[in-house]
Amino acid sequence: MATDAQMQGWFQNIDRDRSGLLDHKELQEALKQAGLVVTLMTTNLFVRLFDSTRSGKVNFTDFKNIFAWMAQKDQVFYAMDTARRGSLTFQQVYQAMGQAFPGLALDTHAFQAATSVYDPDKSGTMNRTEFIAFCVFIDQCARTYASFDPQRTGSVNMPMNQFIYAVSQTK
């Protein structure tokens with residue numbers, strides 16, 4: 001992991017308008033420079049997860065938190081990639097989820113539905129970029145769900161408008 005000074009320099013180079021905040025396009029460029037080429041939708045999920053001020057942008061602390069989060073997910077990915085192929089089978093992804101998100105247990109149908117979205121070539125595997133994007137999605141889903149289940153009962157009841165709102169938070 002880079003030092004704070006290195007991260008600060010990198011952040012300032014990406015912050016084109018010198019606002020001290022990165023918008024989704026600037027963050028996408030930073031992620032690309034870190035070897036993670038993701039869609040703007042995934043970049044927006046990163047912003048939603050880490051934007052501590054709810055401004056729609058990330059400050060330097062948020063930026064560092066993103067890369068610390070990614071380092072944790074990378075550690076899980078590389079630990080599971082025992083064959084060093086640069087990808088995980090869905091079985092490995094399922095096992096990795098237990099490490100990346102302790103306490104979160106998806107049933108087979110939910111897991112298959114979610115992984116199919118992050119396997120664009122339908123290979124039955126995920127590379128690092130796909131795995132990180134999948135983890136961002138799962139993290140955002142878990143946080144959104146938790147906001148509707150404050151007592152942590154594991155069950156929510158909501159009208160359609162609220163459901164649409166909840167789903168929109170994961171995109």
Side-chain angles (χ1 to χ4, degrees), residues 1-11 13-15 22-51 57-58 60-146 154 166-171:
M1 184 92 170
T3 66
D4 269 9
Q6 290 169 321
M7 293 286 290
Q8 185 71 45
W10 185 20
F11 182 89
N13 285 338
I14 297 291
D15 182 16
L22 300 183
D23 64 23
H24 61 282
K25 287 184 180 180
E26 291 169 322
L27 180 59
Q28 185 181 38
E29 178 59 30
L31 294 169
K32 182 179 176 185
Q33 288 181 17
L36 195 68
V37 180
V38 296
T39 65
L40 280 176
M41 186 175 286
T42 297
T43 306
N44 285 332
L45 284 177
F46 270 113
V47 172
R48 280 196 187 136
L49 279 173
F50 293 96
D51 173 13
K57 298 181 179 187
V58 294
F60 179 64
T61 300
D62 301 334
F63 182 75
K64 289 192 317 183
N65 290 338
I66 288 169
F67 283 90
W69 180 95
M70 281 180 37
Q72 292 171 338
K73 303 311 179 229
D74 277 344
Q75 186 176 17
V76 170
F77 178 87
Y78 291 117
M80 294 304 298
D81 184 17
T82 55
R84 302 295 177 245
R85 292 185 325 251
S87 64
L88 302 179
T89 65
F90 282 174
Q91 181 179 0
Q92 290 171 309
V93 171
Y94 190 80
Q95 292 170 346
M97 295 307 295
Q99 294 175 25
F101 300 99
L104 178 68
L106 297 178
D107 68 26
T108 303
H109 296 295
F111 178 76
Q112 288 174 345
T115 53
S116 70
V117 174
Y118 290 90
D119 180 23
D121 61 359
K122 306 303 179 208
S123 64
T125 63
M126 282 187 191
N127 63 32
R128 173 184 174 256
T129 298
E130 292 163 348
F131 179 75
I132 295 290
F134 178 68
C135 286
V136 172
F137 169 73
I138 293 297
D139 204 340
Q140 184 62 38
C141 286
R143 291 180 191 200
T144 300
Y145 187 86
V167 170
S168 73
Q169 296 306 300
T170 64
K171 301 289 181 197

From [X] [atom1] over to [Y] [atom2], what is the distance, rounded to the nearest 0.5 angstrom?
X	Y	atom1	atom2	answer
Phe46	Met70	CZ	CE	5.5 Å
Ile66	Met7	CD1	CE	9.0 Å
His24	Asn44	NE2	CG	5.5 Å
Met97	Leu88	CE	CG	11.0 Å
Thr43	Leu22	OG1	CG	11.0 Å
Ile132	Asp139	CD1	CG	11.0 Å

Backbone N/O of [Y] and side chain of [X]: donor-acceptor pair under 3.5 Å:
X	Y	result
Arg143	Leu49	yes
Tyr94	Leu106	yes
Gln99	Ala96	no
Gln140	Phe137	no
Gln92	Asp81	no
Asn127	Ser87	no

Where [X] and [Y] come nearest, the two heavy atoms and their spacing:
X	Y	value
Val47	Val58	CA-CG1, 4.2 Å
Thr39	Gln28	C-NE2, 3.6 Å
Gly35	Thr129	O-OG1, 4.0 Å
Tyr78	Arg84	O-NH1, 2.8 Å

Sort out for me which residue in Gln33, Lys25, Lys32 forms a side-chain hydrogen bond (donor to acceptor under 3.5 Å, both in side chains) with Glu29. Gln33
So, Phe63 versus Phe67, ring centres under 6.0 angstrom or not? yes
Phe60 and Trp10 aromatic centres sub-6.0 Å: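 No, the ring centres sit 6.0 Å or more apart.
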Could you check whether Lys73 makes a cation-pi contact with Phe101, meaning its NZ or CZ is under 6.0 Å from the centre of the six-membered ring and within 45° of the ring axis? yes
Any non-hydrogen side-chain atom of Thr61 less than 4.5 Å from a side-chain atom of Phe50? no
Side-chain touch Cys135/Trp69, heavy atoms, less than 4.5 angstrom: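 When only atoms from C-beta onward are counted, Trp69 and Cys135 do touch, with a gap below 4.5 Å.
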In plain terms, say whether Lys57 and Asp51 are close enough for a salt bridge, that is, a side-chain N and a carboxylate O under 4.0 Å apart. no
Phe131/Val76 under side chain to side chain contact (heavy atoms under 4.5 Å, CB included): CA gap, chis, key distance, verdict: CA-CA 10 Å; Phe131 179 75; Val76 170; 4.2 Å; yes
Between Phe134 and Phe111, what is the ring plane arrangement, given parallel below 30°, perpendicular above 60°, and tilted in between? perpendicular
Chi angles and distances behind the side chain to side chain contact (heavy atoms under 4.5 Å, CB included) call for Phe90, Met126: CA-CA 7 Å; Phe90 282 174; Met126 282 187 191; 4.1 Å; yes
Can you list the steps and then say if Ser123 with Asp119 is a side-chain hydrogen bond (donor to acceptor under 3.5 Å, both in side chains)? CA-CA 7 Å; Ser123 64; Asp119 180 23; 3.2 Å; yes
Considering residues, nucleotides and ligands other than Gln8, do more than 12 of their heavy atoms fall under 6.0 Å from its CD?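 Result for CD/Gln8: enclosed.
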